[in-house]
Every structure is written in structure tokens, then in C-alpha cells.
Amino acid sequence: MLYAVLKVIVRLAAKIFCRRIIINNRQLLKENGPMILACNHPNSFLDAVLMDILFEQPVWSLTRGDAFLNKRVNNILFKLKMLPVYRPSEGVENLSENYKTFDSCIELFKRNAVVLIFSEGLCVNEWHLRPLKKGTARLAYKCLEENIPLKILPVGINYSSFQRFGKNLFVNFGNLFSINEFDKDLSDGGFYQVFNTRLQNELRPLVFEIEKKDKAKQKELLEISLPSVTKILLAIPAVIGLLVHAPFYLPIKYWVHKKFYGSGHVDAMQITLSLLFYPVYLLLIVLILFFLFKSWWVFLLLIILPFTAWSYGQVKGQLDK
């Protein structure tokens, strides 16, 4: 229930914090498991959230182990369909827990589930595909041993900005392939090498390659122009949106940049905190105006103010400075 409710809420919120979502092959969003979504990882847990709300089938995601703090938190994360994966930096003593997670994935695949894996193994805010770790290959090999007809869908996630509200998101799906295409007589090490070479080659054209200083290429690949008529029509709502929402958004932006700058989590934290506290801010404005003017018409602002925020997201700058 928690997962289903949050999925609906975040899908609605994505209309505001994502200016455009461009998907090269929407038919694949209906694909059923057993399937691995093998993705690059440019923008922290926001990558997993966006993949989840796009697919019709529930998506389980492998999440960094240090998020699993205690039993209560672990139960909540499990209900949100997250499973822990530990790196040596998160405690060598926890590495054995990865075997439990892989066993859980196998059971999920037997029930035709979809599991999201960030095959690079780390998150960096950049337009670049890094060398792949062995985690995806290990899980695929385990499915081969278990005779599970696993499919792998390469996914390239590309953002127009890693800091700005109202971003363009480009989701590029590659060619769906099966583990049954690989030689079953390969050793585990041989399989990992062949599998990762295939996956790297599939992912490479899906992930934009742009230097952070190359503003011309960023503008060419990431910016989506708005018709002049639309800009004129949205100008006044956008100004209202800026003025009304600045007291809400700027303190969040200041605190997040101070706390998380350089960690790769700035964008994800800004959006998460905005999503959590915006309903409170919106309701506070409406209640204050209601007590001042004693008019039920002010409750229309629950629709109008989010529209002004959306309008501002449409006309504002799209690229990081």
C-alpha cells in the first residue's frame, strides 16, 4: 500500500520537477520480468525513483547498503522494494549480506519481477559511461545456473541538469537481450567478461558523452526549446510561480548545497525535501488566506499554485551554469 500510494504521488510530482521526459521506446515500459534494468548511475537515488514511476510493473532496486540503518528503516525500505548492496567502503563485515540480496533477487526473478541495477557501481554527476562492475554479470550468471530465462534491458539515463529544478530527462533504452544467448559452458570469470563487454557496448550509445565545460554540446543535446507563443502565455504564471515559491525553495536549496555539495546527492535531496514539504507549504498558504478572506474560493489555489510552479519550470533556464 505504501509503495502504491507513493508511486502515484511521485508520478504527479514528476510533472513539476521534470520539465520533459523523453523516452526513445515507450513500448519497453510494458515489458515484464524476469528482467534486469542495467542502468548508468548519474544522479543518486533519483535514478531509481524515476525508473520506478516510468515502468508499469513494480521495480525492485538494489540500493547502497549504508541506507539500511536498523530493522525499522530496513522494513520501510523493503516495503518500497529496495534491497541492500554493500561495498567494502561500507564495511567488509557486511559484504556477506550481498549473497542474501542476490538470493532474494533470484526468488524475485522466479516470480517474473523486474530488478534495477546500476551497473557502474557508483554515482557521479556526469554525462559519461564508466567501466562496469561485476555485480550485474554475477547476478545474470546465477540466473543462468538456475535456468531462469532472464532478460537484460540496457538503460541510459541523461539529465539536462544536476542542480536545477525543472530538468529535461532523456531515457534511452537499448536492445533487450537474454542470458540464453551466452555460452553455458563458460566459466564464471569468462561469463563475466563476455557479459560486461556486451552490456558496455549496448550502454555506450545510450549515455550522452559531454564534458562539463562543453556548454555548446550541452545546449545541443540537452536543451529543448519552447515555442515563443507558449513562453508568452506562461510568462505571467511563471513570474507568480517564482515569487510564491522562492520562500519555500531557496532555503531548501541553500541547506542542501551546504550539507551535500560535492556528494552527488544535491539534486536528489532537493527534490526529495521539496516533495515532502511542498504539500505543507501549499496548505499553509491556503489556510492563511482562508482565515483572512473567509472564502472557499482560495482552495482553488491548491491547483493554481502548482500550475504556476510548473509554468516557471517550463520557461526557466534548463542547463547548469
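Tyr141 and Phe195 have their aromatic ring centers separated by at least 6.0 angstrom. Less than 6.0 angstrom separates the ring centroid of Trp127 from the ring centroid of Phe162. Aromatic ring centres of His128 and Phe208 lie farther apart than the 6.0 Å criterion allows. The ring of Phe248 has its center no closer than 6.0 angstrom to the ring center of Phe277.
The minimum heavy-atom distance between Ile157 and Pro42, with the atom names listed, is O-CG, 3.6 Å. Closest non-hydrogen pair, Glu209 versus Lys217, comes out as O-NZ, 3.0 Å. Shown here for Ala14 and Ile53, the closest heavy-atom pair between the two residues is CB-CD1, 3.7 Å. Across all non-hydrogen atoms, the minimal contact from Phe118 to Asn40 is CD2-O, 3.3 Å. Nearest heavy atom pair, residue Pro131 against residue Gln200, reads CA-OE1, 3.9 Å. The two residues Ser160 and Leu319 come nearest to each other via the heavy atoms O-CD2, 3.7 Å.
The one candidate from Lys253, Gln163, His257 that meets the side chain to side chain donor-acceptor pair (under 3.5 Å) condition with Gln270 is His257. Tested against Leu37, the residues Val114, Ile152, Leu54 include a single side chain to side chain contact (heavy atoms under 4.5 Å, CB included) partner, Val114.
Judged by distance alone, with hydrogens and angles left aside, the side-chain atoms of Asn98 form a donor-acceptor pair with the main-chain N or O of Tyr86 at under 3.5 Å. Listed for the Thr101 side chain is no donor-acceptor partner under 3.5 Å among the backbone atoms of Val85.
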Notebook entry, point to check: Would Phe182 and Phe191 count as a ring pair (Phe, Tyr, Trp, His ring centres under 6.0 Å) if you check the C-alpha gap in whole Å, the side-chain angles of each, and the deciding distance to 0.1 Å?
Noted result: CA-CA 8 Å; Phe182 296 89; Phe191 178 89; 5.4 Å; yes

Item checked: Residues Trp255, Leu273; criterion side-chain contact (heavy atoms from CB on, under 4.5 Å); working and verdict -> CA-CA 10 Å; Trp255 184 83; Leu273 292 176; 3.8 Å; yes

Checklist line | Working for side-chain contact (heavy atoms from CB on, under 4.5 Å), residues Leu222 and Ile210 | finding: CA-CA 10 Å; Leu222 303 171; Ile210 312 173; 4.0 Å; yes

Next item on the list: Tell me, with the steps shown, if Leu50 and Cys18 meet side-chain contact (heavy atoms from CB on, under 4.5 Å).
Entry: CA-CA 10 Å; Leu50 290 169; Cys18 284; 4.1 Å; yes

Note to self: Ile179 vs Ile148, test: side-chain contact (heavy atoms from CB on, under 4.5 Å). Steps then yes/no.
What the structure shows: CA-CA 9 Å; Ile179 57 168; Ile148 296 172; 5.6 Å; no

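Note: Lys79 NZ to Leu6 CG = 12.0 Å, rounded to the nearest 0.5 Å. Going from atom CD of Gln218 over to atom OG of Ser161 covers 9.5 Å, rounded to the nearest 0.5 Å. Here CG of Leu203 is found 10.5 Å from CG of Asn172. Values are rounded to the nearest 0.5 Å. Taken from CD1 in Ile16 to OG in Ser311, the straight-line distance is 9.5 Å, to the nearest 0.5 Å. Rounded to the nearest 0.5 Å, atoms CG (Leu301) and CG (Leu287) are 11.0 Å apart. In this structure, CG in Leu116 is found 13.0 Å from CH2 in Trp60, a value given to the nearest 0.5 Å.
By the criterion of side-chain heavy atoms lying less than 4.5 angstrom apart, applied directly or through intervening Ile, Leu, Val, Met, Phe, Trp or Tyr residues, Leu305 is grouped together with Phe293 in one hydrophobic cluster. Residues Tyr254 and Val266 are members of separate hydrophobic clusters, defined by side-chain heavy-atom contacts under 4.5 angstrom among Ile, Leu, Val, Met, Phe, Trp and Tyr. Hydrophobic clustering (ILVMFWY, side-chain heavy atoms < 4.5 Å, transitive): Leu176 and Val155 are in one cluster. Each of Leu226 and Ile232 belongs to its own hydrophobic cluster when Ile, Leu, Val, Met, Phe, Trp and Tyr are linked at side-chain heavy-atom distances under 4.5 angstrom. Val280 and Leu276 are not part of a single hydrophobic cluster, where members link through side-chain heavy atoms under 4.5 Å apart.
Ion pairing of Arg198 with Glu181 is present here, as a side-chain N (NZ or NE/NH1/NH2) and a carboxylate O approach within less than 4.0 Å. For Asp267 and Arg164, the salt-bridge test fails: no basic side-chain N is under 4.0 Å from an acidic carboxylate O. Glu145 has no carboxylate O lying under 4.0 Å from a charged side-chain N of Lys142, or vice versa, which leaves the two without a salt bridge.
Within 6.0 Å of the NZ atom in Lys316, the count of heavy atoms belonging to other residues, nucleotides or ligands exceeds 12. No more than 12 heavy-atom neighbours from other residues, nucleotides or ligands sit within 6.0 angstrom of CD on Gln193. No more than 12 heavy atoms of other residues, nucleotides or ligands shown are found within 6.0 angstrom of CD1 on Ile236.
A donor-acceptor pair shorter than 3.5 Å cannot be found between the side chains of Glu120 and His41. No side-chain donor-acceptor contact under 3.5 Å links Asn112 and Asn32. Under the 3.5 Å distance criterion, with hydrogens and angles disregarded, a donor-acceptor pair is assigned to the side chains of Arg20 and Gln314. For the residue pair Arg19 and Asn168, a side-chain donor N or O sits within less than 3.5 Å of a side-chain acceptor on the partner. Side-chain N/O atoms of Asp320 and Tyr159 include no donor and acceptor closer than 3.5 Å.
Residues that satisfy the side-chain contact (heavy atoms from CB on, under 4.5 Å) test with Leu302, not counting sequence neighbours, are Leu282, Val286, Phe299.
Taking the six-membered ring where the residue is Trp, His245 and Tyr278 present tilted rings, their angle falling between 30° and 60°.
Tyr312 has its side chain out of reach of Leu234: every pair of non-hydrogen atoms, C-beta onward, lies at least 4.5 Å apart.
Figure legend: Arg138 and Tyr192 shown as a cation-pi pair, the cationic atom lying under 6.0 angstrom from the six-membered ring centre and within 45 degrees of its axis.
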